[in-house]
> 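Can you read through this structure? Questions will come right after.
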Protein chains: 2
Amino acid sequence: MSTINVREKLLEVAGPVFSEKGFEKATVREICQKADVNVASVNYYFGDKEQLYLEVICLAKPMGVSRAPLPEWNEHTPPEQKLEDWVITLVRRMLGTGELSWSNHLIMREVLRPTRACDHLVQELFRPFVNIADKILLEILGDEVPDYRRMQCIFSIAAQCQFYRVSGSLVTLMLGEEEQKTHYNTEQIIEHILQFSLSAIKNLKHEYLSSEMESSSSLNQI
Amino acid sequence: MSTINVREKLLEVAGPVFSEKGFEKATVREICQKADVNVASVNYYFGDKEQLYLEVICLAKPMGVSRAPLPEWNEHTPPEQKLEDWVITLVRRMLGTGELSWSNHLIMREVLRPTRACDHLVQELFRPFVNIADKILLEILGDEVPDYRRMQCIFSIAAQCQFYRVSGSLVTLMLGEEEQKTHYNTEQIIEHILQFSLSAIKNLKHEYLSSEMESSSSLNQI
DNA sequence: AATTGTATTAAACACGTGTTTAAATTCAAA
DNA sequence: TTTGAATTTAAACACGTGTTTAATACAATT
């Protein structure tokens, strides 16, 4: 029967299953059934279920990136434009639906309940991506703003993106499906996150600018 | 042995177990063992595991609220103060540790993977709490800002709080434990979320104020 | 053609789960 | 003391899980 490699067929089929059910609730039997191979194949080719999972994660990483890549920038691209691109990319990766979206869903699962694979993702995927945002914020904020403040801002942006992925069902319960479809499609979410975050960041810059000239510092200065 | 009601003992013990392991991974055997009762007791007193879970959720709701209540306000309390109290309360409920923290952890689980119990929580807990924030934002923003904009801001605040609960282990992996303990204790997280969000909200107000007088509207107006 | 090693298969294994059963026990009311 | 319902108990049940096994098929090699 099997025209091609059973091993590849398993890797191909396991991704969406792990993504939808998670590692624990996904069953070897379901994966093998969908791959049209025998139940023992997973253990024969991968040793055990977890090894298969780890290899799937490693495949998911480049897939997720290529599905929603960052645009090209040149030296004249303003940092606000870069930040917008970065946020759009992050939202697309987190909320995206369609063809290869299982890869990003799977990566999201790792964030929420890290397994051994998460270290790898942090080093190879998250940290580089965060570093890009950090450089952008450095351009916007200047180096008077301390490092940890930039990271807090990046976390705040990522948090908002993650919220709509993780708590999507809660949002539906809170708003009703009508309101949600009216004001909470992906583009509107991106626009809000961008405006909300960018104004907060700009204000942070002003806070440190003014604290250089005079010595005021607080929230009540808009 | 059992000095008191077996039923109550089960309810008391099941809370922390469900909170730590989640509904699926928590086992009836562990609960009964910790309660010092026979394995069959859960089915005898509650019918099945899920009924026990639902009753535990109902107990968790008032516990979580009483553990971190909102302070009293009077008619002279400024809305910025109220918002600060609201955020502090939300962070305390989400990130709190200690005695009764299992109840809020359990409620967080419902948000991330809603069961039938979530409808109840939304109606009795989340919506009233969000409505409070909505009124505060109405005070700050005025009614020129459309309703859905206020809700987006509330989601952005809640998102930041949720992030540090849900992705705490990711934050640790990204920062290293040193940096995390230096700049990411609960008080500093609260301060950042407050400053970040309040400046974004104030800016939103200014945007709508200026769009009443002139017709400009955009992000680049700080 | 015989042999060797890889690949595939159906079956069974070992274990943990929620649940049920039926007997034993308790304990208060008659 | 007897009765009978409520409770507690140990054991087993039914099912799903990942994994292993031993037999078989098949192609490549000698």
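All values below come from the heavy atoms of this structure, side chains included, with hydrogens, waters and symmetry mates left out. Throughout, a chain's letter reflects where its sequence line sits, starting with A, and its residues are numbered from 1.
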> Counting side-chain heavy atoms from C-beta on, which of D:dT17, D:dT8, C:dG18 comes nearest to B:T27?
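From the listed options, C:dG18 comes nearest.
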
> When the distance from CG of B:L10 to P of C:dG18 is rounded to whole Å, what number comes out?
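Those two atoms, CG and P, are 13 Å apart.
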
> Between C:dT8, D:dT8, D:dG18, which one does the side chain of A:V6 approach most closely?
C:dT8

> Do the charged groups of B:K202 and B:E80 touch, with an N to O distance under 4.0 Å?
yes

> A:H183 vs B:Y148 aromatic rings, parallel, tilted or perpendicular, using cut-offs 30° and 60°?
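Parallel, since the angle between the ring planes stays under 30°.
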
> What is the distance from NZ of B:K9 to P of D:dT8, rounded to the nearest Å?
13 Å

> Listing time: all N or O pairs from protein to nucleotides 10-13 of chain D that are below 3.5 Å?
| from | atom 1 | to | atom 2 | distance (Å) |
| --- | --- | --- | --- | --- |
| D:dA10 | N7 | B:N38 | ND2 | 3.3 |

> Considering heavy-atom distances to DNA chain D, does B:S41 or A:V28 have its closest nucleotide positioned more toward the 5' end?
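Going by which nucleotide is closer to the 5' end, it is B:S41.
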
> For the side-chain contact (heavy atoms from CB on, under 4.5 Å) test, which of B:V171, B:T172, B:L170 pairs with B:M174?
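The passing option is B:L170.
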
> How long is the line joining CG of A:D48 and P of D:dT20, in whole Å?
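For the pair A:D48 CG and D:dT20 P, the rounded distance is 8 Å.
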
> Salt bridge between A:R67 and A:E99, side-chain N to carboxylate O under 4.0 Å?
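Looking at A:E99 together with A:R67, the answer is no, because their closest N to O distance does not fall below 4.0 Å.
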
> What is the separation between atom CZ on B:F46 and atom C1' on D:dT8, rounded to the nearest whole Å?
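For the pair B:F46 CZ and D:dT8 C1', the rounded distance is 16 Å.
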
> For A:Y44, give me all partners under side chain to side chain contact (heavy atoms under 4.5 Å, CB included), at least two apart in sequence or on another chain.
none

> Which nucleotide wins on minimum distance to the side chain of A:Y44, given the candidates C:dT19, C:dT8, D:dA6?
C:dT8

> Rounded to whole Å, please give me the gap between CG in A:L52 and C1' in D:dT19.
14 Å

> Between A:K21 (NZ) and D:dG16 (P), how many Å, whole number?
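One finds 14 Å between P of D:dG16 and NZ of A:K21, rounded.
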
> Rounded to the Å, how far apart are B:Y53 OH and C:dT19 P?
15 Å

> Quick check for you: among D:dT19, D:dT8, C:dT19, whose closest atom lies nearest to any side-chain atom of A:N43?
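Nucleotide nearest to A:N43's side chain: D:dT19.
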
> Which part of the nucleic acid does B:Y45 contact within heavy-atom distance under 4.0 Å: base, sugar-phosphate only, or nothing?
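Since only primed, P, OP1 and OP2 atoms lie under 4.0 Å of B:Y45, the category is sugar-phosphate.
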
> What is the distance, to the nearest angstrom, from the NZ atom on B:K25 to the C1' atom on D:dT17?
13 Å

> Kindly indicate, with the supporting measurements, whether the criterion side chain to side chain donor-acceptor pair (under 3.5 Å) is fulfilled by A:N185 and A:Q188.
CA-CA 6 Å; A:N185 60 47; A:Q188 286 165 302; 2.7 Å; yes

> Is atom CD of B:Q123 surrounded by more than 12 heavy atoms (other residues, nucleotides or ligands) closer than 6.0 Å?
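No.
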
